[in-house]
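Below is one structure, written out as structure tokens; the observations come after it.
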Number of protein chains: 2
Amino acid sequence: MGTYQTGEGWDALGDPTRRAIVECLAERPRAVGELAELLPISRPAVSQHLKVLKDAGLVEDRAAGTRRVYRLNPAGVAALRDQLDTFWRRALDGFQDVVEEPNEEKS
Amino acid sequence: MGTYQTGEGWDALGDPTRRAIVECLAERPRAVGELAELLPISRPAVSQHLKVLKDAGLVEDRAAGTRRVYRLNPAGVAALRDQLDTFWRRALDGFQDVVEEPNEEKS
DNA sequence: TTCATTGGTAAGTCGTAGCTTACCGTTCGT
DNA sequence: ACGAACGGTAAGCTACGACTTACCAATGAA
């Protein structure tokens, strides 16, 4: 958890295909070939996306015979959720307070 | 809220510079030129990023004289947070349940 | 009205992310 | 041991996104 840069997670979810993969894995764990069948891209492409997601700490993989089963990593997802939560609270803070901002702090 | 595709929000936050802008705006509302001073990019670049963020429903703008003050839109942030929450819950669901997946549903 | 300030838009360049095909390693079945 | 299935990696191509400079519109002050 502390190993991953949270920025990596956002970059990972910035791609529509990777979001689709995450949605598939949210349903249930899947093998690489399985994901490739569900998506309109080749299997190597799926592998590359999974690598990005894994580096970001959003998914985990498990060897099962010749297959490799991927599943969501709740901790990684939670990390992003927490950061988003922070933004949300700060936004609400500045919301009620700032109605007028006539003075500039320039120079 | 219903107007925006949630995917737009993820795409918007997929860029590091836009995440930096969001962080700045989470602190407090800012004008375009203000953001440009804080960031290592030109003012037009900031404008383009703000357009993306606005289309995604993550920020709102308000005219203040010749300036244009941008601030976070809590609703947009909350939308992403909810979606992330859904993924998180589903991930936990499949976590305890799936230990073995011997059968394939292929063909 | 005229000038200065602020910000959005247009046009163009450059880097990189995502995709493909081809190839190789690994694991299981016969 | 041999062959098939599955998946990761390499190399290369293409497209799109982020940034720049230049220009224009709008607002406020003199």
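Naming: A, B, ... by sequence-line order, numbering from 1 per chain.
A sub-4.0 Å separation between OP1 or OP2 of C:dT5 and a side-chain N or O of B:Thr66 is absent. Phosphate contact (OP1/OP2 of C:dT6, side-chain N/O of B:Tyr70, threshold under 4.0 Å): absent.
A:Ala63 and A:Arg68 get closest at one heavy-atom pair: CB-NH2, 3.6 Å. Here the closest non-hydrogen pair linking A:Ala64 and A:Val69 is CB-CG2, 4.0 Å.
Rounded to 10 degrees, the angle separating the terminal axes of the helix from C:dT1-D:dA30 to C:dT30-D:dA1 is 30°, with each axis obtained from five end pairs.
The side-chain contact (heavy atoms from CB on, under 4.5 Å) search around B:Leu39 returns B:Ala20, B:Ile21, B:Ile41, B:Val46, not counting sequence neighbours. Considering only residues two or more places apart in sequence or on other chains, B:Thr66 meets the side-chain contact (heavy atoms from CB on, under 4.5 Å) condition with none of them. Legend: residues meeting salt bridge (Lys or Arg N to Asp or Glu O under 4.0 Å) with B:Asp11, ordered by chain and number and at least two apart, are A:Arg19. Residues satisfying the side-chain contact (heavy atoms from CB on, under 4.5 Å) criterion with B:Thr86, sequence neighbours excluded, are B:Arg90. Residues meeting the side-chain contact (heavy atoms from CB on, under 4.5 Å) test with B:Val52, sequence neighbours left out: B:Ala12, B:Arg18.
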Any N/O pairs under 3.5 Å between the protein and nucleotides 12-15 of chain D? List them or say none.
none

Pairwise N/O distances under 3.5 Å, protein to nucleotides 18-22 of chain C:
| from | atom 1 | to | atom 2 | distance (Å) |
| --- | --- | --- | --- | --- |
| C:dG18 | OP1 | A:Asp15 | OD1 | 3.3 |
| C:dG18 | OP1 | A:Arg18 | NH2 | 2.9 |
| C:dG18 | OP2 | A:Arg18 | NH1 | 3.3 |
| C:dC19 | OP1 | A:Thr17 | OG1 | 3.2 |
| C:dC19 | OP2 | A:His49 | NE2 | 2.1 |
| C:dT20 | OP2 | A:Ser42 | N | 2.7 |
| C:dT20 | OP2 | A:Ser42 | OG | 2.6 |
| C:dT20 | O4 | A:Gln48 | NE2 | 3.0 |

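Sorted by first then second residue, the ring-ring contact (aromatic ring centres under 6.0 Å, His included) pairs that include residues 31-80 of chain B, not counting sequence neighbours, number zero.
Residue contacts shown for B:Ala31 are limited to sugar-phosphate atoms, with no base heavy atom under 4.0 Å away.
Residue B:Leu50 contributes atom CG, which lies 14 Å from atom C1' of D:dA18 at whole-angstrom precision.
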Do any side-chain atoms of residues 77-85 of chain B form donor-acceptor pairs under 3.5 angstrom with protein atoms, and if so which ones, sequence neighbours left out?
| from | atom 1 | to | atom 2 | distance (Å) |
| --- | --- | --- | --- | --- |
| B:Arg81 | NE | A:Asp85 | OD1 | 3.4 |
| B:Arg81 | NH1 | A:Asp85 | OD1 | 3.1 |
| B:Gln83 | OE1 | B:Thr6 | OG1 | 3.4 |
| B:Gln83 | OE1 | B:Trp10 | NE1 | 3.4 |
| B:Asp85 | OD1 | A:Arg81 | NE | 3.4 |
| B:Asp85 | OD1 | A:Arg81 | NH1 | 3.1 |
| B:Asp85 | OD2 | B:Arg89 | NH2 | 3.3 |

